[in-house]
*Asks:* 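This is the structure I have questions about; it appears just below.
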Amino acid sequence: MSTLKSDFLRVLTERGFVHQCTDEAALDDLATKGPIPAYIGFDATAPSLHAGSLLPIMMLRWLQQTGHKPIVLMGGGTTRVGDPSGKDEQRRLLTDEDIAGNIAGIKTVFSKFLTFGDGPTDAVMVNNDDWLRDLNYIEFLRDVGRHFTINRMLTFDSVKLRLDREQPLTFLEFNYMLLQAYDFMELSKRVGCRLQMGGSDQWGNIVNGIELTRRTSGTEVFGLTTSLLTTASGAKMGKTAGGAIWLDESMLSAYEYWQYWRNTEDADVGRFLRLFTELDIAEIERLEKFEGAEINDAKITLANEATRLLHGDAAAAAAAETARRTFEEGAIGSDLPTVEISRSDLMAGIGILELFTRAGLTASNGEARRLIKNGGAKLNDRKVDSDAETVSDHAVGAEGVIKLSAGKKRHTLIRPV
């Protein structure tokens, strides 16, 4: 790490982002000579990105913070095909209208992390549909396809793992790696892009793009990947029992986002502070030494810093205060997630199992039953003892809501409408 000359590679390495890099010494040298345009691609498969996309977003943020130019590539074209990497089955094909709507939603997230504009280190957003939609297939096969062999393509993990599991891989998906390689070549021509970054599952696709660019233009370009991120217990990043941790506040409140980070496993605190906050390494090293009850202070710092980056200082402070009052005083904070249900349903009576599931605190009635059996379910701060309990409008408090709790940290308000 001490031999790295560029702030860019030094920061990414000391914070734990770097997994693989093509010709690190040459890239490090290039990064000392001026802004490097570098890109990461994001397919538009949903109306928002979720916390699983934060790692590449933070890589682009640090790229800009250290004096280089982020290129956000929206996969308007490749989303129509579907990346087979890490998938056991074909993605659902989206319409052009679906994709355009998803891109519009995703754009708002990046403005929170990057500065866009026309300057040498300002971020730009491009859409690969601009060059993929009107490709002539015969010309594409002749000019691009001839640089790839089926033999080698079959060795890449994104293909090999699917075939090893005897899961079908369509010819449409098989073409994805050619299209991603073509993206790198086009970005090199159009905006002088010299570096592609991504998860380690993209390594084969990135190398293909490097080789295609070198063969077609002679330009030296580079690739850098980060490890695929899971929690210490092996869970996939950005997912919980309650669903995806969306980055769009209209899909997940700032409070719920704050709670996601507050509930980080002990073993992940130091790593996540490095990856998902901008705290100094010295401060992180101090926080990750905390043990016992003290580690909760480090988790609160992680939640505050991560929420601040996405939702701003005020939202982070409000979420922290809501959590404190809810935990210490049993109060009902206005920032707690709220689920609306029909007043007529409530008047007729709703089973406690169904209510917990409809509130999103449990994934199923069976999970709600286990929560009650283990003593973790509360209704208006009262422990629920029976899974046969029925909840009616009599449970609505003076604030006009019913408070449900799963354990000490997860709370949802039920509001009759």
Side-chain angles (χ1 to χ4, degrees), residues 1-42 53-73 110 113-115 119-124 126 157 180-181 183-229 270-285:
M1 188 183 302
S2 59
T3 60
L4 294 171
K5 299 179 294 183
S6 67
D7 288 342
F8 168 59
L9 277 181
R10 179 183 53 77
V11 168
L12 257 61
T13 299
E14 72 180 7
R15 300 188 81 92
F17 285 93
V18 178
H19 177 63
Q20 298 159 296
C21 184
T22 62
D23 201 345
E24 181 182 80
L27 177 60
D28 187 41
D29 183 62
L30 183 66
T32 65
K33 296 178 179 177
I36 297 176
Y39 92 95
I40 299 178
F42 299 84
S53 297
L54 272 177
L55 203 62
I57 291 173
M58 290 301 294
M59 291 174 76
L60 288 173
R61 183 174 172 87
W62 282 116
L63 176 85
Q64 186 169 54
Q65 300 269 3
T66 54
H68 303 282
K69 187 178 186 67
I71 302 168
V72 179
L73 177 66
F110 285 100
F113 292 90
L114 302 174
T115 300
T121 64
D122 286 342
V124 294
V126 294
D157 285 347
Q180 187 168 324
D183 283 345
F184 201 174
M185 181 188 74
E186 279 294 310
L187 287 170
S188 173
K189 291 178 182 177
R190 291 171 181 243
V191 292
C193 183
R194 300 293 300 275
L195 171 66
Q196 181 183 174
M197 302 186 292
S200 58
D201 60 333
Q202 298 297 316
W203 180 251
N205 293 341
I206 291 173
V207 170
N208 281 337
I210 291 171
E211 294 182 356
L212 180 63
T213 303
R214 177 177 54 81
R215 290 175 181 177
T216 55
S217 68
T219 304
E220 183 183 24
V221 292
F222 303 89
L224 187 153
T225 67
T226 187
S227 297
L228 296 181
L229 194 61
R271 183 166 57 125
F272 286 5
L273 283 166
R274 284 175 168 79
L275 296 174
F276 301 117
T277 80
E278 293 178 334
L279 289 178
D280 291 340
I281 293 296
E283 175 63 5
I284 293 172
E285 289 174 345

*Asks:* If you define the side chain from C-beta out and look only at heavy atoms, does anything of Q65 sit under 4.5 Å from D7?
*Replies:* no
*Asks:* Nearest heavy-atom pair of G192 and P37: which atoms, and what distance?
*Replies:*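 It is O-CG, 3.4 Å.
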*Asks:* Is there side-chain contact between L187 and Q196, with heavy atoms separated by less than 4.5 Å?
*Replies:* no
*Asks:* Using atom types as modelled and distance alone, determine if a side-chain donor or acceptor of S200 lies under 3.5 Å from a backbone N or O of T225.
*Replies:* no
*Asks:* Distance from L30 atom CG to L195 atom CG, nearest 0.5 Å?
*Replies:* 9.0 Å
*Asks:* Minimum heavy-atom separation for L63 and A38, please, with both atom names.
*Replies:* CD2-CB, 3.7 Å
*Asks:* Going by the salt bridge (Lys or Arg N to Asp or Glu O under 4.0 Å) test, which pairs reach into residues 54-65, not counting sequence neighbours?
*Replies:* R61-E278
*Asks:* Of all heavy-atom pairs between T213 and S188, which one has the smallest distance, and what is that distance?
*Replies:* CG2-OG, 3.7 Å
*Asks:* Determine whether a donor-acceptor pair (N or O, by modelled atom type, separation under 3.5 Å) exists between the side chain of Q64 and the backbone of T115.
*Replies:*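 Such a contact is found between Q64 side chain and T115 backbone.
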*Asks:* Measure across T3 and D28 and return the closest heavy-atom pair with its distance rounded to 0.1 Å.
*Replies:*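 Minimum heavy-atom contact is O-OD2, 4.1 Å.
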*Asks:* Between CG of N208 and CG of D183, what distance do you get to the nearest 0.5 Å?
*Replies:*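 N208 CG to D183 CG: 12.0 Å, rounded to 0.5 Å.
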*Asks:* Do you know which two heavy atoms are closest between P56 and I40, and how far apart they sit?
*Replies:*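 For P56 versus I40, the nearest heavy atoms are O-CD1, 3.3 Å.
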*Asks:* Looking at CD1 of I210 and OG1 of T22, how far apart are the two atoms once the value is rounded to the nearest 0.5 Å?
*Replies:*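 Rounded to the nearest 0.5 Å, the CD1-OG1 separation comes to 4.0 Å.
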*Asks:* For a 4.5 angstrom cut-off between non-hydrogen side-chain atoms, does L55 reach L275?
*Replies:* yes
*Asks:* Would you say V72 and F42 make side-chain contact, with heavy atoms under 4.5 Å?
*Replies:*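 Sidechains of F42 and V72: in contact.
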*Asks:* Mind checking the CH2-NE2 spacing from W62 to H68? Nearest 0.5 Å is all I need.
*Replies:* 13.0 Å
*Asks:* Can you see which heavy atom on Y39 is nearest to which on C193, and at what distance?
*Replies:* CD2-SG, 3.6 Å
*Asks:* Quick one: salt bridge (charged side-chain N to carboxylate O under 4.0 Å, His left out) partners of E220, sequence neighbours excluded?
*Replies:* none
*Asks:* When rounded to the nearest 0.5 angstrom, what distance separates CG in L9 from CG in L4?
*Replies:* 5.5 Å
*Asks:* Evaluate the side-chain proximity of F276 to I57: yes if any heavy-atom separation is below 4.5 Å, no if none is.
*Replies:* no
*Asks:* Could you walk me through whether Q180 and Q202 pass the side chain to side chain donor-acceptor pair (under 3.5 Å) check?
*Replies:* CA-CA 10 Å; Q180 187 168 324; Q202 298 297 316; 3.1 Å; yes
*Asks:* Short question: side chain of K69, backbone of G119 - any donor-acceptor pair under 3.5 Å?
*Replies:* yes
*Asks:* Just jot down the side-chain contact (heavy atoms from CB on, under 4.5 Å) partners of I281, sequence neighbours excluded, or say none.
*Replies:*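 side-chain contact (heavy atoms from CB on, under 4.5 Å) check on I281 returns E14, R15, R274, I284, E285.
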*Asks:* State whether the side chain of H19 and the backbone N or O of S227 hold a donor-acceptor pair below 3.5 Å, judged by distance alone.
*Replies:*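 Between the backbone of S227 and the side chain of H19 there is no qualifying donor-acceptor contact (under 3.5 Å).
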*Asks:* With a 3.5 Å distance limit and no angle check, can you tell me whether T13 reaches the backbone of R10 through a side-chain donor-acceptor pair?
*Replies:*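 No: the side chain of T13 does not pair with the backbone of R10.
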*Asks:* Is any side-chain heavy atom of F184 less than 4.5 Å from a side-chain heavy atom of N205?
*Replies:* no
*Asks:* With side chains defined as the heavy atoms from C-beta onward, is the minimum distance between F272 and L54 less than 4.5 Å?
*Replies:* no
